[in-house]
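Structure first, commentary second.
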Amino acid sequence: EAQVTQNPRYLITVTGKKLTVTCSQNMNHEYMSWYRQDPGLGLRQIYYSMNVEVTDKGDVPEGYKVSRKEKRNFPLILESPSPNQTSLYFCASSFIFRANGLTQHFGDGTRLSIL
Amino acid sequence: QQPVQSPQAVILREGEDAVINCSSSKALYSVHWYRQKHGEAPVFLMILLKGGEQKGHDKISASFNEKKQQSSLYLTASQLSYSGTYFCGTRNAGGTSYGKLTFGQGTILTVHP
C-alpha cells in the first residue's frame, strides 16, 4: 500500500530535550516536505527536499533541522524544542512532474506537545 | 506571505453550490487545492498551472486567473462528504524555490442534510 508513515503519532516532551520525528514513504517520490498546522494559520511549510541531499527552507524553518540521506526518509529534528513548537506536524511526498506539478500525499500527522 | 482565502466558513444544505476563492499578492506558477476532514490528513484535489485553465472532476472544479493571481474552487450540488476544510496552496512564478508551497488559512465547509 502506498503510504507516508510518520512516527511518533503523539509525543509530549519538555523544553530543550532533542527530538526527531521520522517520515518514510514507499512510493519512490523525489519530493518530500514538512508542514506544521496551527488553528487559524492553515498549513505552513517548514522545509522541503527536491531529492537526496537537496533541502531548502520553507516559510517557517527557524528551530528545525532536516536531512535527506536516503530517498525514502526525511526526518524532522528539533534540537532544542520550545513551547511555541507545540503543533500538529505533517510530512508529505510527491513525484516531481514539471507539467503537472506537485501532487502531495500526506502522512497521518504527529501531534507534538512541548511543556 | 500566505494567500488569502474567502470566505472563512460556509454552511450549505445538500444540493447547494459553493465557491471558495484564493487570492495572492504575488505572481503565481500554480495553485493547489486540498481538502482536510476533521482529524485526518489533507487530501489532494487538483492542481492548476498558469495558463488560465479550468479543471474538474465529479462535481468539483476550479479555475485559475494568472493575471489576477486568483483561483476559485467550485463545488456543485454539494454532498455531505464535501464537508471539511479546504486549503489552497500556491507556488510563486520565477525564482529558484521550485518546491516552496504556501497555503492559505483554510475555508471550513459544512454541508447539512
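Not measured: the values here are computed from a predicted model.
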Same cluster (ILVMFWY, side-chain, under 4.5 Å), B:Leu75 and B:Leu48: yes
Below 6.0 angstrom between ring centroids: does that apply to B:Phe103 and A:Tyr35? yes
Please confirm whether A:Phe106 and B:Phe44 have ring centers closer than 6.0 angstrom. no
Heavy-atom distances under 4.5 Å only: say whether [X] touches chain A with side chain, backbone, both or neither.
X: B:Gln1; value: neither
X: B:Gln2; value: side chain
X: B:Ser30; value: neither

Name the option with the most non-hydrogen atom pairs under 4.5 Å to chain B; the candidates are A:Gly42, A:Ala92, A:Ser94. A:Gly42
One option among A:Asp59, A:Leu41, A:Asp38 has the most heavy-atom pairs under 4.5 Å with chain B, and it is A:Asp59
How far apart are the C-alpha atoms of B:Ser63 and B:Tyr74, what are their side-chain angles, what is the distance that settles it, and do they pass the side chain to side chain donor-acceptor pair (under 3.5 Å) test? CA-CA 8 Å; B:Ser63 63; B:Tyr74 307 95; 3.2 Å; yes
Most contacts with chain A, counted as non-hydrogen pairs under 4.5 angstrom, among B:Gly104, B:Gly99, B:Gly89, B:Gly39: B:Gly99
Checking side chain to side chain donor-acceptor pair (under 3.5 Å) for the pair A:Gln45/A:Ser33: CA distance, chi angles, key distance, verdict? CA-CA 7 Å; A:Gln45 191 178 48; A:Ser33 183; 2.9 Å; yes
